[in-house]
Every structure is written in structure tokens, then in C-alpha cells.
Amino acid sequence: MKLLKKVLYVLWIVIALIVLGVLLVNPSFFSVDNLTSFIRQFESQLLLAYILFSCIRGLFLIPSTPLVLAGAVLFPDSPITVIIISMIGILFTTLMLYYYSDTLGFSKKLEAKFPAKMIKWKGRLQSKNAIWIVLLWSFFPFVPTDLICYVAGIVKMPLKYLLLGVLIGELILVSCYVLLGTGIFEWFMS
């Protein structure tokens with residue numbers, strides 16, 4: 001099990017570093033246009049590819065925003081479908097990060113490096129107001145929701161509060177993104 005944990009840890013770090021390197025060298029690589037063209041390569045299985053990419057994007061620390069906007073552009077006649085697929089992907093990532101946050105051993109490193117902050121976040125995320133922290137964090141577009149999911153898994157926040165907070169916060173945000181993406185598509189097409 002320890003060998004598997006080390007292999008997963010190294011593999012995840014390598015992939016994350018590659019994605020981070022691509023983001024630093026060529027930030028436009030993950031633009032809406034590039035994601036749209038990537039997904040269009042699978043024209044016959046477009047919806048399946050979009051669902052798959054929506055579910056795995058969080059494992060590689062790719063933000064959901066460009067993918068949601070790309071979905072709105074790819075499927076302008078199906079905004080509800082894009083919202084549902086995006087939310088399934090976000091909730092799947094939430095569960096994966098929550099349950100596997102400790103598997104790679106980051107919790108021990110974080111607790112050793114930031115013991116006071118971990119105690120503080122544990123208190124916050126295990127309180128009855130934790131749902132509001134997650135909801136606001138999920139709704140705010142400039143911070144990664146994946147981060148709060150990861151920390152929630154480490155401090156063992158009640159899963160129902162995490163899921164409900166992410167669901168409400170991200171549903172509002174994703175709906176706005178889909179409306180924005182559909183509006184952009186309609187503006188370009190007119």
C-alpha cells in the first residue's frame with residue numbers, strides 16, 4: 001500500500017507540474033477556445049467527451065470555469081444540460097478530493113508545517129456554520145473550490161455540509177457562466 005501511495009503521489013505531482021508548467025508557459029492553452037477545439041476533436045462523441053473531461057478535470061487541478069464556458073459555447077441550445085454535466089463533474093471532483101485527500105499523505109505534511117492553521121480550519125469546517133464557508137468559497141470565482149474540498153477532507157468536515165455548500169455555491173456560479181457563455185456565443189453568431 002505504501003508503494004502504491006508513493007506511485008500515486010509521484011504521478012499526481014508530475015501531472016500537476018506538467019499542467020502548471022503549461023499554464024505558466026502558455027496560459028492560453030486552457031482558454032475557452034482551446035478547450036472547445038480540443039473537445040470538438042471528438043465530434044461524434046462530443047457529449048461523452050465533455051462529461052468525461054468535466055469529471056476528471058479536478059484531478060489535474062484544472063479550473064472548471066473554462067470548461068463550463070466551453071460547454072456553453074459547444075452546446076448553446078442546451079444550457080440546462082451543460083449546467084447538469086458541470087455540476088456532476090464538480091460534485092464528482094468534490095467527492096474524490098474529500099475521500100482521497102489523505103491517501104497521498106498531504107495532511108501529515110500540512111499539519112506538520114501549519115499546525116495552528118490546521119486546527120483553526122478544523123474548527124471552522126466542523127462547526128454548524130461550515131456550510132456557509134463552503135458555499136461562499138464555492139461561489140467566489142477567484143478561489144479554487146477544489147482547495148476547500150481538499151482541506152475539508154483532511155479535517156474530516158461532515159460530507160453533507162461540504163456537498164450542500166459546493167452544490168449551492170457552484171450552481172449559482174455555473175449558471176452565471178453558462179448564461180455568459182451562451183450570450184457570448186449568440187453575440188458572435190449575430
Side-chain angles (χ1 to χ4, degrees), residues 1-24 30 35 38-39 48-68 71 83-127 129-171 173-174:
M1 188 66 182
K2 284 187 177 193
L3 178 62
L4 177 63
K5 188 185 283 191
K6 286 181 182 181
V7 168
L8 287 173
Y9 180 74
V10 169
L11 182 64
W12 183 79
I13 292 291
V14 167
I15 291 171
L17 286 174
I18 289 170
V19 170
L20 184 61
V22 170
L23 277 170
L24 291 174
F30 291 107
L35 286 173
F38 172 77
I39 293 172
L48 182 60
Y50 184 69
I51 292 168
L52 180 64
F53 201 62
S54 291
C55 288
I56 65 168
R57 63 101 204 138
L59 301 177
F60 302 106
L61 304 177
I62 298 171
S64 63
T65 302
L67 191 60
V68 173
I83 291 170
I84 291 170
I85 291 170
S86 299
M87 290 308 301
I88 288 170
I90 289 167
L91 291 174
F92 178 76
T93 299
T94 298
L95 287 170
M96 292 294 290
L97 292 172
Y98 181 85
Y99 283 117
Y100 294 108
S101 60
D102 215 20
T103 301
L104 298 174
F106 289 133
S107 60
K108 291 177 184 145
K109 291 177 184 168
L110 286 175
E111 287 172 355
K113 193 169 184 173
F114 306 107
K117 287 184 180 182
M118 290 305 291
I119 291 169
K120 187 175 170 181
W121 274 103
K122 187 172 190 169
R124 286 179 180 167
L125 293 178
Q126 290 183 342
S127 75
N129 294 323
I131 190 171
W132 294 106
I133 294 169
V134 174
L135 190 150
L136 292 172
W137 188 295
S138 298
F139 175 72
F140 192 65
F142 301 109
V143 293
T145 302
D146 297 343
L147 180 60
I148 195 73
C149 298
Y150 181 73
V151 173
I154 291 173
V155 301
K156 304 298 181 234
M157 174 185 180
L159 183 60
K160 63 184 177 182
Y161 297 135
L162 175 66
L163 288 174
L164 190 58
V166 169
L167 177 68
I168 295 168
E170 286 288 335
L171 185 59
L173 192 60
V174 166

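- One finds the CD1 atom of Ile119 at 14.0 Å from the CZ atom of Phe114 (value rounded to the nearest 0.5 Å).
- Environment of NZ in Lys117: sparse, with no more than 12 heavy atoms of neighbouring residues, nucleotides or ligands closer than 6.0 Å.
- To the nearest 0.5 Å, atom CG of residue Leu162 and atom SG of residue Cys149 are 5.0 Å apart.
- Between Leu91 and Leu95 there is no side-chain heavy-atom pair separated by less than 4.5 Å.
- A pairwise comparison of heavy atoms in Ala112 and Pro115 identifies O-CD, 3.7 Å as the closest pair.
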### Query
Between Phe53 and Ile85, does a side-chain contact (heavy atoms from CB on, under 4.5 Å) hold up when you go through it step by step?
CA-CA 10 Å; Phe53 201 62; Ile85 291 170; over 6 Å; no

### Message
Would Asp146 and Thr93 count as a side-chain contact (heavy atoms from CB on, under 4.5 Å) here? Give the steps.
### Response
CA-CA 8 Å; Asp146 297 343; Thr93 299; 3.6 Å; yes

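- Shortest non-hydrogen contact noted between Val155 and Met118 is CG1-CE, 4.1 Å.
- Smallest separation of non-hydrogen atoms from Leu125 and Ala130: O-CB, 3.4 Å.
- In terms of heavy-atom proximity, Val151 sits nearest to Trp121 at CG1-CB, 4.3 Å.
- In this structure, Trp137 contributes its side chain and Pro144 its backbone to a donor-acceptor pair below 3.5 Å.
- Residue Ser86 comes nearest to Val174 through the heavy atom pair CB-CG1, 3.8 Å, listed as atom of the first residue, atom of the second, then distance.
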### Task
Give the intermediate values and the outcome of side-chain contact (heavy atoms from CB on, under 4.5 Å) for residues Leu163 and Tyr98.
CA-CA 10 Å; Leu163 288 174; Tyr98 181 85; over 6 Å; no

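- Rounding to the nearest 0.5 angstrom, the gap separating the CD1 atom in Ile148 from the CG atom in Leu97 is 11.5 Å.
- Across all non-hydrogen atoms, the minimal contact from Glu170 to Ile90 is OE1-CD1, 3.4 Å.
- Considering only heavy atoms from C-beta on, Thr145 comes within 4.5 Å of Val166 through its side chain.
- Considering only heavy atoms from C-beta on, Leu173 stays 4.5 Å or farther from Thr65 through its side chain.
- Remark: side-chain polar atoms of Tyr161 are not paired, donor with acceptor, to backbone N or O of Gln126 under 3.5 angstrom.
- One N or O on the side chain of Tyr50 and one on the backbone of Leu67 form a donor-acceptor pair closer than 3.5 Å.
- The line from CD1 of Ile131 to CG of Leu136 is 10.5 Å long, rounded to the nearest 0.5 Å.
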